[in-house]
2 protein chains.
Amino acid sequence: MSSLTIGQVAKLAEIGTETIRFYERENLIPAPPRRPSGYRSYEPEVVDRIQFIRRAKDLGFSLREIAELLSLRVDSEAACGEVMERATSKIEDIQGKIKTLSRMKRVLTKLVASCGANEVTDCCPILDSLEGR
Amino acid sequence: MSSLTIGQVAKLAEIGTETIRFYERENLIPAPPRRPSGYRSYEPEVVDRIQFIRRAKDLGFSLREIAELLSLRVDSEAACGEVMERATSKIEDIQGKIKTLSRMKRVLTKLVASCGANEVTDCCPILDSLEGR
DNA sequence: TTAAACCCCGTAGTTTACTACAAGGTCAAG
DNA sequence: CTTGACCTTGTAGTAAACTACGGGGTTTAA
């Protein structure tokens, strides 16, 4: 038996069962088939999908944006162009985030370095001056 | 006169005046001096700070975490060690985000590439399979 | 000197993303 | 064959981060 109950999925994905149902209502995960009793019956892959949602959320994507990311696929030739367009814009978005994070990291690294260098009074660059663009 | 009213700051930072007051209440920006009338009088640097907050928020940091980031500085020798510790943990956090974003970008790039390659039926890798750890 | 545009404070409402019941049905171990 | 852990739906409550009033005082440009 490769199918899981909602509770088993919740445990594997380290998330509450109500959050899974909430994601189902919000169309972030597909409604699974049901057992005769009405219990949801999940394939193990749903765990990956939930973990993807969690990671994306942690990166500042809203659930709406995550739904868009998850819908980026092509079934028919016709949709290809539109998907490419959306994917390309997401890539730019992501590239921007990476750039900002890299700058933040560089400033923090400098902060740590100057702290270590034992510059006694007022020894660290202030983070305030980080992002004046 | 280099000082700004809240409305001028709001316009420059592309944000509402109520949000600025909200950030003040939440200690994300310092309470500015007042004019005799009670009007807030800002130095232009506050605009940078607000933009930093906006960027950090977009990267998935909560306002609490942003407040922490903004407080990373050292005035006395004593605080140095603790600041270094906090900064180091933030660097790791940021590094993790960069890594996940890079993976997302790689998968999306592959998606776009395979779309362009004109693989007609079911031509794109599904994003579902993105983050199985 | 007055009217539009701005500021003050306080409180209340909204959106997003959960999180917690309540009332009841199901399953599996002893 | 029952009991405790688990599932169902639906509704309501919460936390974070704004956002929008209302009732008033201030500035500034005509």
Side-chain angles (χ1 to χ4, degrees), chain A residues 1-44 46-47 49-71 93, chain B residues 1-44 46-47 49-71 93:
Chain A
M1 43 87 125
S2 72
S3 83
L4 305 168
T5 66
I6 196 169
Q8 292 170 320
V9 172
K11 191 155 284 174
L12 288 168
E14 293 174 281
I15 199 180
T17 57
E18 0 261 314
T19 306
I20 296 178
R21 282 195 283 267
F22 171 72
Y23 285 165
E24 183 180 320
R25 277 201 300 286
E26 302 289 310
N27 299 309
L28 286 159
I29 53 181
R34 302 297 184 105
R35 287 162 61 182
S37 58
Y39 281 25
R40 289 172 180 80
S41 175
Y42 290 98
E43 298 303 309
V46 80
V47 177
R49 197 174 171 108
I50 291 169
Q51 276 164 356
F52 171 77
I53 294 168
R54 274 247 308 281
R55 286 209 183 74
K57 219 167 49 68
D58 188 52
L59 290 164
F61 293 101
S62 67
L63 294 191
R64 174 184 295 275
E65 289 173 312
I66 293 168
E68 269 178 54
L69 281 168
L70 286 169
S71 72
D93 186 7
Chain B
M1 41 87 120
S2 73
S3 83
L4 304 168
T5 66
I6 195 169
Q8 292 170 320
V9 172
K11 190 154 285 177
L12 288 169
E14 293 175 284
I15 201 180
T17 56
E18 0 262 314
T19 306
I20 295 176
R21 281 195 284 265
F22 171 72
Y23 285 165
E24 182 180 320
R25 277 201 300 284
E26 300 291 307
N27 299 311
L28 285 160
I29 52 183
R34 303 297 183 106
R35 288 159 61 181
S37 59
Y39 281 25
R40 287 170 180 80
S41 176
Y42 291 98
E43 298 303 309
V46 80
V47 177
R49 196 174 172 108
I50 290 169
Q51 276 165 355
F52 172 77
I53 294 168
R54 274 248 307 282
R55 286 209 184 75
K57 217 167 50 69
D58 187 51
L59 291 165
F61 293 101
S62 68
L63 295 190
R64 173 184 297 274
E65 288 173 313
I66 293 168
E68 270 177 53
L69 280 168
L70 286 168
S71 72
D93 187 7

Given [N], is OP1 or OP2 found less than 4.0 Å from the side-chain N or O atoms of [X]?
{"X": "Thr5(A)", "N": "dC7(D)", "value": "yes"}
{"X": "Arg40(A)", "N": "dC7(D)", "value": "no"}
{"X": "Arg34(B)", "N": "dC9(C)", "value": "yes"}

Could you tell me how far apart [X] ([atom1]) and [N] ([atom2]) are, to the nearest whole angstrom?
{"X": "Arg64(B)", "N": "dA15(D)", "atom1": "CZ", "atom2": "P", "answer": "12 Å"}
{"X": "Ile20(A)", "N": "dT9(D)", "atom1": "CD1", "atom2": "P", "answer": "13 Å"}
{"X": "Phe61(B)", "N": "dA16(D)", "atom1": "CZ", "atom2": "C1'", "answer": "17 Å"}
{"X": "Glu26(B)", "N": "dA16(D)", "atom1": "CD", "atom2": "P", "answer": "9 Å"}
{"X": "Asn27(B)", "N": "dA17(D)", "atom1": "CG", "atom2": "P", "answer": "13 Å"}
{"X": "Ile6(B)", "N": "dC8(C)", "atom1": "CD1", "atom2": "P", "answer": "5 Å"}
{"X": "Glu24(B)", "N": "dC7(C)", "atom1": "CD", "atom2": "P", "answer": "14 Å"}
{"X": "Tyr42(B)", "N": "dC6(C)", "atom1": "OH", "atom2": "P", "answer": "16 Å"}

Q: Would you indicate what Arg54(A) reaches in the nucleic acid, counting non-hydrogen atoms under 4.0 angstrom: base, sugar-phosphate, or nothing?
A: nothing
(Q) Just verifying a value: how many Å separate Ile6(B) CD1 and Tyr42(B) OH, rounded to the nearest 0.5 Å? (A) 4.0 Å
Q. When rounded to the nearest 0.5 angstrom, what is the spacing between CD1 in Ile53(A) and CZ in Phe61(A)?
A. 13.5 Å
Side-chain heavy-atom pair [X], [Y] within 4.5 angstrom cut-off:
{"X": "Ser41(B)", "Y": "Arg34(B)", "answer": "no"}
{"X": "Phe52(A)", "Y": "Leu70(A)", "answer": "yes"}
{"X": "Leu63(A)", "Y": "Ile66(A)", "answer": "yes"}

Q. What's the shortest heavy-atom distance between Ser2(B) and Glu43(B), and which atoms?
A.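 Taking Ser2(B) first and Glu43(B) second, the nearest heavy atoms are OG-OE1, 3.8 Å.
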Can you give each donor-acceptor pair under 3.5 Å made by side-chain atoms of residues 11-32 of chain B, sequence neighbours left out, with the distance rounded to 0.1 Å?
from     : atom 1 : to       : atom 2 : distance (Å)
Glu24(B) : OE1    : Arg40(B) : NE     : 2.9

Q. Tell me, for nucleotides 18-30 of chain D in 5' to 3' order, what letter each nucleotide earns: B for a base near a protein heavy atom under 4.0 Å, S for only sugar-phosphate near one, - for neither?
A. BBBB---BBS---
